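Just so you know, these numbers come straight off a predicted model, no measurement behind them.
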Amino acid sequence: MTSAKTLLELSGADLSLPKLAGSCLVLIDLQNEYRSGPIALPGADAAIAAAKRLLDRARTSGAQIIHVAHKGKPGGLFDREAERGAIVASLAPLSGEPVIEKALPNAFAGTKLKASLDATGRKNVVLAGLMTHMCISSTARAALDLGFRVTIDAESCATRDLPDGRGGTIAAATIHDVALAELADRFAIIARDGALL
């Protein structure tokens with residue numbers, strides 16, 4: 001039996017990992033909202049720890065770094081004026097690292113993310129953050145349409161359990177794996193096991 005191949009593999013695409021030194025690291029929605037409360041993610045702390053290692057490496061390598069934060073309504077989910085909407089302290093932006101606020105899952109929609117990436121002159125974009133099936137997925141898909149070469153650091157992403165529409169639940173780990181498999185088919189290179197470090 002022949003093993004399955006992605007569309008990228010079938011097309012002969014270059015699937016080599018980018019060098020961080022020539023890339024832009026985009027950290028998406030690594031906010032306290034995902035650590036506690038109604039949408040706490042079972043893998044949030046592990047993803048945050050992995051993102052911290054990636055961020056530290058990106059900073060020492062000379063990567064361009066952009067932070068994206070979801071901006072919700074005052075008093076609600078992702079309230080940027082409250083602790084729940086703040087970027088996790090261990091990943092706090094340094095001076096000169098832009099923070100882009102978004103209102104939709106796709107970090108390009110209604111924001112200056114494309115202009116910020118274009119200003120760097122770099123086409124390799126590395127994504128890390130929350131949630132895999134939502135904002136990482138929609139941003140990766142849009143990035144491809146905009147001409148960027150996308151890599152996703154699998155360990156620096158996480159998601160949550162979802163209802164299956166039949167009265168059951170699909171586990172977060174399954175949602176995460178399926179989202180990455182979909183993205184690997186056509187939209188992104190998936191880096192695993194600290195390969196970008």
Using side-chain contact (heavy atoms from CB on, under 4.5 Å) as the criterion, point out the one residue from Val99, Val26, Leu27 that pairs with Val68.
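Going through the options one by one, the only one that passes is Val26.
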
Heavy-atom check, side chain of [X] versus side chain of [Y], under 4.5 Å:
X	Y	answer
His70	Leu77	no
Arg192	Leu180	yes
Ser90	Ile48	yes
Ser156	Arg53	no
Ser137	Leu183	yes
Leu91	Lys52	yes
Ile28	Ile136	yes
Arg149	Ile189	yes

What are the two closest heavy atoms between [X] and [Y], and how far apart are they?
X	Y	value
Ala172	Asp161	N-OD1, 2.7 Å
Pro98	Gly96	CD-O, 3.3 Å
Arg160	Ile175	O-CG1, 4.0 Å
Ala51	Leu30	CB-CD1, 4.0 Å
Phe187	Val150	O-CB, 3.8 Å
Ala47	Ala158	CB-CB, 3.9 Å

Between Ile65 and Leu55, is the side chain to side chain contact (heavy atoms under 4.5 Å, CB included) condition met? List the steps.
CA-CA 8 Å; Ile65 297 161; Leu55 176 59; 3.7 Å; yes

In terms of hydrophobic clustering (I, L, V, M, F, W, Y; side-chain heavy atoms under 4.5 Å; direct or indirect links), are [X] and [Y] co-clustered?
X	Y	value
Leu146	Ile100	yes
Ile87	Leu113	no
Leu144	Val126	no
Met134	Val88	yes
Leu54	Leu130	yes

Main-chain N/O of [Y] paired with [X] side-chain donor or acceptor, under 3.5 Å:
X	Y	result
Lys102	Leu104	yes
Ser23	Pro18	no
Glu155	Ala50	no

Would you check, one step at a time, whether the test ring pair (Phe, Tyr, Trp, His ring centres under 6.0 Å) holds for Phe78 with Tyr34?
CA-CA 9 Å; Phe78 300 99; Tyr34 287 119; 5.3 Å; yes

Residues two or more places apart in sequence or in another chain: which of them pass side chain to side chain donor-acceptor pair (under 3.5 Å) with [X]?
X	value
Asp164	none
Thr132	His176
Arg80	Glu101

Verdict with supporting geometry, Thr139 and Leu127, side chain to side chain contact (heavy atoms under 4.5 Å, CB included)
CA-CA 9 Å; Thr139 301; Leu127 300 182; 4.2 Å; yes

So with a 6.0 Å cut-off around CZ of Arg186, is the heavy-atom count from everything else above 12?
no

Under 6.0 Å from the CD atom of Glu81, do we count more than 12 heavy atoms belonging to anything else shown?
no

Given the rule in the side chain to side chain contact (heavy atoms under 4.5 Å, CB included) test, do Leu8 and Asp185 qualify, once you have shown the distances and angles that lead to the verdict?
CA-CA 6 Å; Leu8 289 175; Asp185 193 36; over 6 Å; no

Distance from [X] atom [atom1] to [Y] atom [atom2], nearest 0.5 Å?
X	Y	atom1	atom2	result
Arg57	Leu20	CZ	CG	6.0 Å
Asp56	Leu197	CG	CG	9.5 Å
His133	Ser138	NE2	OG	9.5 Å
Ser61	Arg59	OG	CZ	11.5 Å

Salt bridge flag under 4.0 Å for residues Lys71 and Asp79:
no

With salt bridge (Lys or Arg N to Asp or Glu O under 4.0 Å) as the rule and sequence neighbours excluded, what pairs involving residues 105-127 come up?
Lys114-Asp118

Only pairs at least two apart or in different chains count here, so list each salt bridge (Lys or Arg N to Asp or Glu O under 4.0 Å) that has a residue in residues 30-39.
Glu33-Arg84, Arg35-Asp45

Answer yes if the side chains of His67 and Glu97 hold a donor-acceptor pair under 3.5 Å, and no otherwise.
yes

Side chain to side chain contact (heavy atoms under 4.5 Å, CB included) between Asn106 and Arg141, worked out:
CA-CA 9 Å; Asn106 169 9; Arg141 292 165 190 261; over 6 Å; no

Side-chain cluster (under 4.5 Å, hydrophobic types only) that Val178 belongs to, other residues
none

